[in-house]
Asker: 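One structure coming up, written as structure tokens, with questions to follow.
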Amino acid sequence: MHPGTRRVLAAVDWLNHGIGYLMSAALGVMVVCTMLQVIVRFLLTRFGILMSVPWTEELARYLMIWIIFLGSAVACRRGQFIALEFLVEAAPVPIARMLRVLAVGISLAFYVLLVWLGWRYVTGNLIERSPVMTIAMEWVYLSLPVSAVLMVVNTLCFLVDGGGADDLEPAETYVD
């Protein structure tokens, strides 16, 4: 493998590592928000303290959206695509390789479509605000095109790095 290619793969892996920490932090904030919501709704009401923290639900929802999309992008680097593996595993190795290439190609086309549609959605809703926290909704909508770009990059890195070709071995037959 060319040294420049190795550096690009290492940079993408470093970026994914950082995204992992970012997702962990977002998950921690999400857990705290949810716990606060539970405490306010159920615990404080038992003591007659009636208050509301509606922003916690909204923040937790938006963080979950980002976590899901970023996690999907990182999963692409490892080749953890949604797939029907039994079809690939049942096919002879040359056909299985062709099916994998076809599936990854279709996935890449879908990710490019998500970038385009996501960006259209972001730019088409620039004046929208969240109902409780009144943050600009483009920050939430940006999760789609940003993550889709990362999905394209990670999928291409997955292909350059071998693309799971080593996983294709002739299916074993088990006899009881």
Asker: Look up atom CD1 in Ile19 and atom CD1 in Ile67, then write down how far apart they are to the nearest 0.5 Å.
Answerer: 13.0 Å
Asker: Does one hydrophobic cluster hold both Trp55 and Val38, with members joined at side-chain heavy-atom distances below 4.5 Å?
Answerer: no
Asker: Does the Ser147 side chain pair with the main chain of Leu144, one donor and one acceptor, at a distance under 3.5 Å?
Answerer: no
Asker: Of Thr155, Asn154, Asp161, which meets side chain to side chain donor-acceptor pair (under 3.5 Å) against Arg77?
Answerer: Asp161
Asker: I need the minimum non-hydrogen distance between Cys33 and Thr56, along with the two atoms involved.
Answerer: O-CB, 3.5 Å
Asker: Quick check on Arg120: does its CZ atom have over 12 non-hydrogen neighbours (other residues, nucleotides or ligands) under 6.0 Å away?
Answerer: no
Asker: Just verifying a value: how many Å separate Gln37 CD and Phe42 CZ, rounded to the nearest 0.5 Å?
Answerer: 8.5 Å
Asker: Where do Met137 and Tyr62 land on the side-chain contact (heavy atoms from CB on, under 4.5 Å) test, with the steps shown first?
Answerer: CA-CA 10 Å; Met137 287 302 291; Tyr62 298 152; 3.6 Å; yes
Asker: Leu159 versus Val104: any side-chain heavy-atom pair under 4.5 Å?
Answerer: yes
Asker: Find out if a path of hydrophobic residues (ILVMFWY) with successive side-chain heavy-atom gaps under 4.5 Å connects Val88 to Ile106.
Answerer: no
Asker: Whether Glu57 and Arg41 form a salt bridge (side-chain N of Lys/Arg under 4.0 Å from carboxylate O of Asp/Glu) is what I want to check.
Answerer: yes
Asker: Can Val146 and Trp66 be said to form a side-chain contact (heavy atoms from CB on, under 4.5 Å), step by step?
Answerer: CA-CA 10 Å; Val146 167; Trp66 272 98; 4.2 Å; yes
Asker: Between Glu138 and Tyr121, does any side-chain donor sit less than 3.5 Å from a side-chain acceptor?
Answerer: no
Asker: Any link between Val8 and Leu15 through a network of hydrophobic side chains (Ile, Leu, Val, Met, Phe, Trp, Tyr) touching at under 4.5 Å?
Answerer: no
Asker: With no hydrogens and no angle check, is any side-chain donor or acceptor of Thr134 less than 3.5 Å from a backbone partner on Ser130?
Answerer: no
Asker: So with a 6.0 Å cut-off around CD1 of Ile127, is the heavy-atom count from everything else above 12?
Answerer: no
Asker: From Arg129 CZ over to Ile135 CD1, what is the distance, rounded to the nearest 0.5 angstrom?
Answerer: 9.0 Å
Asker: Assess the residue pair Leu114 and Phe110 against the criterion (side-chain contact (heavy atoms from CB on, under 4.5 Å)); give the C-alpha distance rounded to whole Å, side-chain angles, the decisive distance to 0.1 Å, and a yes or no.
Answerer: CA-CA 6 Å; Leu114 285 180; Phe110 178 69; 3.5 Å; yes
Asker: Out of curiosity, Arg7 CZ to His2 NE2, how far, rounded to the nearest 0.5 Å?
Answerer: 7.5 Å
Asker: Kindly give the heavy-atom pair with the smallest separation between Ala73 and Met151, and that separation in Å.
Answerer: CA-CG, 3.6 Å
Asker: Can you tell me how far the CG atom of Asn16 sits from the CE atom of Met23, to the nearest 0.5 Å?
Answerer: 8.5 Å
Asker: Compare every heavy atom of Leu142 with every heavy atom of Val122, then report the nearest pair and how far apart it is.
Answerer: CG2-N, 3.7 Å
Asker: Would a single hydrophobic cluster contain both Ile68 and Leu59, if residues Ile, Leu, Val, Met, Phe, Trp and Tyr are joined by side-chain heavy-atom contacts under 4.5 Å?
Answerer: yes
Asker: Step by step, work out the side-chain contact (heavy atoms from CB on, under 4.5 Å) result for Met98 and Leu102.
Answerer: CA-CA 6 Å; Met98 184 179 65; Leu102 180 65; 5.6 Å; no
Asker: Verify, without hydrogens or angle tests, whether Ser143 (side chain) and Val140 (backbone) share a donor-acceptor contact under 3.5 angstrom.
Answerer: yes
Asker: Should Leu126 and Tyr141 be counted in the same cluster of Ile, Leu, Val, Met, Phe, Trp and Tyr side chains packed under 4.5 Å apart?
Answerer: no
Asker: To the nearest 0.5 Å, what is the distance between CZ (Phe158) and CG (Leu9)?
Answerer: 12.0 Å
Asker: So with a 6.0 Å cut-off around CE of Met133, is the heavy-atom count from everything else above 12?
Answerer: yes
Asker: Any side-chain heavy atom of Val149 within less than 4.5 Å of one from Tyr111?
Answerer: no
Asker: Is there a side-chain contact between Leu156 and Val153 (heavy atoms, below 4.5 Å)?
Answerer: no
